[in-house]
Amino acid sequence: MTQKLTCRDVIDLLVDYLEQSLPPETLEGFEGHLEHCAACVAYVNTYKKTRELTGEVARVAMPEDMRARLSQFLLDRLGRPPA
Amino acid sequence: MVELPAEDRLIERLRQGDTQALEALMTRYSGRVYRLAFGITRNDADAEEIVQDVFLTLFRKIDTFEGRSALGTWIYRVTANAALIKRRGQRVELEVLLEDYLPRFLEGGHREGDRAFLCADWSQRPDEVAQGVETRAILTQALERLPDTYRAVVLLRDLEGLSNDEAAEVLGETVASVKSRLHRARMALREQLTRALT
């Protein structure tokens with residue numbers, strides 16, 4: 001039986017929704033709610049976009065010179081070359 | 001003789017003091033270690049120190065790795081712990097009060113607020129707005145202002161792609177705690193972006 005969800009319910013369920021781990025009846029209720037709630041559609045979309053952008057902005061590369069210093073550091077500490 | 005998976009072979013060689021195995025593991029993991037360390041500490045010098053310590057620890061303490069979890073999880077755990085300890089020793093900067101950025105609800109479960117704002121969907125806007133330099137700067141600042149343990153969860157899940165179970169194992173927390181912090185952190189980040197872009 002489809003669950004009738006409020007906006008609060010929908011937002012509370014977002015982590016599980018994005019992981020596709022909602023039980024079928026709950027998923028049906030979730031998607032049913034989105035069909036008539038523009039505010040929740042906006043929330044879900046911007047929540048998903050935030051997650052995507054977070055992965056992008058935080059994906060910083062290790063500086064080249066740091067990698068070289070790392071090898072030298074281990075050589076100094078271990079007394080033998082890592083490579 | 002059974003052919004072991006590549007990483008198991010590297011671990012065996014590392015146990016025998018093979019520094020070339022360490023180099024191979026550095027190639028595989030140093031970028032991830034740096035990303036997580038920098039993401040938590042927000043400081044290049046601290047991140048570099050942590051990267052060095054993680055690989056030194058890996059070489060010296062590989063015998064304590066029992067293989068109950070994946071080596072990557074072990075490495076993430078050492079990295080996250082080191083980064084969070086470093087942050088604890090520093091002056092506490094102004095962290096955002098998460099409650100200020102979480103949705104409020106009316107009786108009946110509707111979100112409270114101006115309807116136009118509630119329905120604002122910047123995710124659908126052209127890329128240069130939704131993903132432009134300003135947007136990234138706002139998000140970067142919002143990430144920096146999260147409490148450290150919340151930022152650590154977000155980085156493990158949304159940057160490194162760990163599952164809830166893996167992130168919980170890395171941080172020594174329950175899955176429920178990880179999911180709760182993740183959700184609150186994402187909501188806080190989303191809200192700061194929405195206020196800036198609407």
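Reminder, nothing fancy here: chain letters follow the sequence lines and each chain counts from 1.
- Ranked by heavy-atom pairs under 4.5 Å with chain A, the list B:A120, B:G113, B:G109 is led by B:G109.
- Using a 4.5 Å cut-off between heavy atoms, A:Y43 contacts chain B through both its backbone and its side chain.
- For a residue to count as touching a neighbouring chain, one of its non-hydrogen atoms must lie under 4.5 Å from one of that chain's; by this rule A:R69 touches chain B with backbone and side chain alike.
- For A:D9, no part lies near chain B; criterion is any non-hydrogen pair under 4.5 Å.
- Put simply, the side chain of B:R111 gets close to the backbone of A:A39: a donor and an acceptor are under 3.5 Å apart.
- Only the side chain of B:N164 comes within contact range of chain A, with at least one heavy atom under 4.5 Å from a heavy atom of that chain.
- Residue B:L189 touches chain A through both its backbone and its side chain, counting heavy-atom pairs closer than 4.5 Å.
- For B:R104 against B:E99, the heavy-atom pair with the smallest separation is NH2-O, 4.1 Å.
- Residue B:T27 touches chain A through both its backbone and its side chain, counting heavy-atom pairs closer than 4.5 Å.
- Using a 4.0 Å cut-off between charged side-chain N and carboxylate O, B:R195 and B:E191 make a salt bridge.
- The choice from B:L182, B:L118, B:L193, B:D158 that makes the most heavy-atom pairs within less than 4.5 Å of chain A is B:D158.
- For chain A, the nearby part of B:R157 is the side chain; its heavy atoms alone come within less than 4.5 Å.
- No more than 12 heavy atoms of other residues, nucleotides or ligands sit less than 6.0 Å from atom CD of B:E134.
- Of all the listed residues (A:D12, A:V15, A:V41, A:V44), the one sharing the greatest number of non-hydrogen pairs under 4.5 Å with chain B is A:V15.
- Side chain to side chain, B:R136 and B:T140 fail the donor-acceptor criterion of an N or O pair below 3.5 Å.
- The local environment of CD in A:Q20 is sparse, with at most 12 non-hydrogen atoms from other residues, nucleotides or ligands closer than 6.0 Å.
- For A:A61, the part lying near chain B is the backbone, with the side chain staying farther off; criterion is any non-hydrogen pair under 4.5 Å.
- Residues B:R186 and A:T50 bring no donor and acceptor atom of their side chains to less than 3.5 Å of each other.
- Remark: aromatic rings of B:H183 and A:Y47 are close, center separation under 6.0 Å.
- With a 4.5 Å cut-off on non-hydrogen atoms, A:L13 does not touch chain B at all.
- A salt bridge does not link A:R67 to A:E64: none of the charged side-chain nitrogens sits closer than 4.0 Å to a carboxylate oxygen.
- Between chain B and the options A:V57, A:T46, A:T6, the largest number of non-hydrogen pairs under 4.5 Å is found for A:T46.
- The contact between B:L56 and chain A is made by backbone and side chain atoms together, counting heavy-atom distances below 4.5 Å.
- Among B:L143, B:D121, B:L139, B:L155, the residue making the largest number of heavy-atom pairs under 4.5 Å with chain A is B:D121.
- The residue among B:G108, B:C119, B:G161, B:A47 with the most heavy atom pairs within less than 4.5 Å of chain A is B:C119.
- B:Q52 contributes no side-chain N or O that, together with a main-chain N or O of B:E49, makes up a donor-acceptor pair within less than 3.5 Å.
- Interface residue B:F38: only side-chain heavy atoms are found under 4.5 Å from chain A.
- Ring geometry, A:Y17 versus A:F30: the interplanar angle falls under 30°, so the pair is classed parallel (tilted spans 30 to 60°).
- Comparing B:L106, B:V154, B:V33, B:V51 by heavy-atom pairs within less than 4.5 Å of chain A, the highest count is held by B:V51.
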